[in-house]
Amino acid sequence: MSQAILPDLSDLLAHNDQHDVPVAIIQQVIARCITPLNDTETLPLKQALGRVLAQDVISPINVPSYDNSAMDGYAFIATDLANKSAKLTVVGKAYAGHPYLSEVRPGECVRIMTGAAIPRGCDTVIAQELVNDATDTHISIAPNAVTAGDNRRLAGEDLRIGSVALRKGKRLSPADIGLLASLGIAETTVTRRPRVAFFSTGDELRSIGQALDEGCVYDSNRYTLHSMLVRAQCEPIDMGVVKDDPASLEKALREACAQADVIITTGGVSAGDADYTRQMMARLGEVLFCKIAMRPGRPMAFGKIQCDGHTALLFGLPGNPVAVMATFYFLARDAIYQLMGTKPHTQTLLKVACTHAIRKKPGRTEYQRAIVSTDTSGKQHVTLTGAQGSGILSSMSEANCMVVLDHDQSDVAAGELVTVLAFDGFI
Ligand code: AMP
Ligand code: MG
């Protein structure tokens with residue numbers, strides 16, 4: 001048994017001794033217990049999607065690196081517009097990758113394509129559809145057809161040489177990967193993936209391929225967790241199903257602790273008879289057993305365990321499949337992000353009219369599975385997916401969002417606006 005592996009949390013937990021702990025408080029508790037991993041690795045760009053930048057990226061060049069045209073048209077000198085109707089001589093062509101190399105003089109213009117370098121001397125581009133009397137040799141430009149400086153993309157207007165292109169801690173998106181490529185950067189240094197060992201607990205659990213004996217269920221949590229961990233850029237370590245007996249649990253926890261940064265278990269954290277998980281967790285480390293004011297997902301263990309000088313974060317999630325997902329997304333994932341050195345996921349919340357009434361008791365946050373849809377007039381509505389039991393995984397699969405009913409919220413009337421968390425980009 002080890003001492004004081006967790007920081008002092010008394011200020012956060014003192015007032016919540018008698019009550020279920022609000023989600024916002026447990027999120028703060030977890031955040032306080034995490035020290036980011038320092039290890040980094042350097043990866044080719046195409047392998048870096050979703051990973052977290054370990055250092056600022058400074059732009060080694062201007063992007064774009066030269067002034068270029070934003071239009072197919074003609075490049076010329078703005079002072080020529082002073083003439084009532086400018087008639088200009090076409091002296092050459094500039095294509096992307098094939099610049100016009102001579103100096104352009106007053107009264108001249110260059111046929112130019114989008115992305116081509118603005119020829120020396122020119123400062124303005126007019127779109128081809130705005131010129132008059134265009135031939136291969138001449139064009140006319142009506143007064144006010146264009147303003148000096150129009151239709152140029154200036155060197156460095158996207159990124160300036162020496163400026164910070166991407167900040168440390170950024171989770172790399174497709175746009176970021178493209179942006180690094182636009183700087184000519186081939187590889188990037190990211191934080192290493194957290195190793196997350198996970199196992200399911202329960203004598204009733206059967207693995208795929210085994211016979212489903214009377215009173216048994218297939219273990220789905222390990223598959224859901226594996227998928228969520230892969231999406232969160234972790235290195236998953238699947239430790240299988242562990243029986244509800246103290247010796248097996250101790251062995252599994254010790255093995256997990258030896259090889260992982262984080263251990264996630266499911267099941268056995270409520271105070272049921274066969275729930276030895278709590279006991280064993282408490283023996284191996286410093287673990288809080290919380291009743292969290294959230295639904296689904298009330299009982300949860302969180303802490304750190306220590307074996308053979310190695311410490312691992314521990315999330316003892318509930319057993320019910322939907323509760324596993326809710327506690328992972330609202331409590332465990334941001335902790336994993338923090339380990340990776342990046343910010344919590346930004347939840348995009350919408351306000352949408354609910355098609356029916358919802359019963360809700362103040363004093364807990366509820367995450368109800370729902371479908372948001374758009375009617376023919378373009379208005380959005382949200383409807384719950386029916387039965388909201390925390391064991392009903394099909395409600396998660398069917399849903400495209402959750403209705404988030406805040407801690408203090410009470411009943412919702414039909415037609416009332418509710419807060420909706422869209423799954424797109426979230427799960
Ligand atoms: P527990 O938290 O262990 O009491 O489990 C609560 C409920 O979730 C029980 O009905 C379990 O059978 C179910 N459950 C627990 N673990 C899993 C799992 N890995 N896959 C599917 N259902 C599970
Ligand atoms: Mg169980």
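All values below were derived from every heavy atom in this structure, side-chain atoms included, with hydrogens, water molecules and symmetry-related copies excluded. Read the numbers this way: they start at 1 and go in the same order the structure lists the ligands and their atoms. The model shown is predicted, which means the values in this text are computed figures rather than measured ones.
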* Taking only heavy atoms of S200 into account, list the atoms of ligand 1 that are under 4.0 Å away from them. => 19 (N)
* Say whether S173 and D176, considering side chains only, have a donor N or O and an acceptor N or O under 3.5 Å apart. => yes
* Asked: Please state which protein non-hydrogen atom is closest to atom 9 (C) of ligand 1 and give its distance, to 0.1 Å?
  -> E204 OE2, 4.0 Å
* Test side-chain contact (heavy atoms from CB on, under 4.5 Å) on T201 and V269 and set out the steps. => CA-CA 10 Å; T201 68; V269 285; over 6 Å; no
* Would you indicate whether K291, at its atom NZ, is surrounded by more than 12 heavy atoms from other residues, nucleotides or ligands within a distance under 6.0 Å? => no
* **More than 12 heavy atoms from other groups under 6.0 Å of CG on D424** => no
* Verify the distance criterion only: is there a donor paired with an acceptor across the side chains of D72 and T114 at less than 3.5 Å? => yes
* To do: Would you check whether G391 reaches within less than 4.0 Å of ligand 1, judged by its heavy atoms?
  => no
* Under the salt bridge (charged side-chain N to carboxylate O under 4.0 Å, His left out) rule, what do R364 and D20 come out as? Steps first, then yes or no, please. => CA-CA 8 Å; R364 66 178 178 220; D20 289 4; over 6 Å; no
* **Per-residue contact class, L205 against ligand 1 - non-hydrogen pairs under 4.0 Å** => side chain
* Which word best sums up how the rings of Y329 and F426 line up, parallel for under 30°, tilted for 30 to 60°, or perpendicular for over 60°? -> tilted
* Structure fact -> re atom 10 (O) of ligand 1, the protein heavy-atom contact at minimum distance is N320 OD1, 4.3 Å
* Asked: Got the closest protein heavy atom to atom 4 (O) of ligand 1, with its distance?
  -> S270 OG, 3.9 Å
* Asked: If you measure only the distance, is there a donor-acceptor pair under 3.5 Å linking the side chains of D375 and H381?
  -> yes
* Asked: Identify the closest protein heavy atom to atom 22 (N) of ligand 1: which residue and atom is it, and at what distance?
  -> P321 CG, 3.8 Å
* Asked: G268 heavy atoms, cut-off 4.0 Å: which ligand 1 atoms fall inside?
  -> 1 (P), 2 (O), 3 (O)
* Asked: Which protein heavy atom lies closest to atom 2 (O) of ligand 1, and at what distance to 0.1 Å?
  -> G319 N, 3.2 Å
* Asked: Quick one: which ligand 1 atoms are inside 4.0 Å of a heavy atom on Y218?
  -> 20 (N), 21 (C)
* To do: Around atom 17 (C) of ligand 1, find the nearest protein heavy atom and jot down its residue, atom name and distance.
  => N221 ND2, 3.2 Å
* Which residue holds the protein heavy atom closest to atom 19 (N) of ligand 1, what is that atom called, and what is the gap in Å? -> D219 OD1, 2.7 Å
* **Cation-pi, Y337 ring and R171 (6.0 angstrom, 45 degrees)** => yes
* Report, in ascending order of atom number, the atoms of ligand 1 lying under 4.0 Å from any heavy atom of S220. => 20 (N), 21 (C)
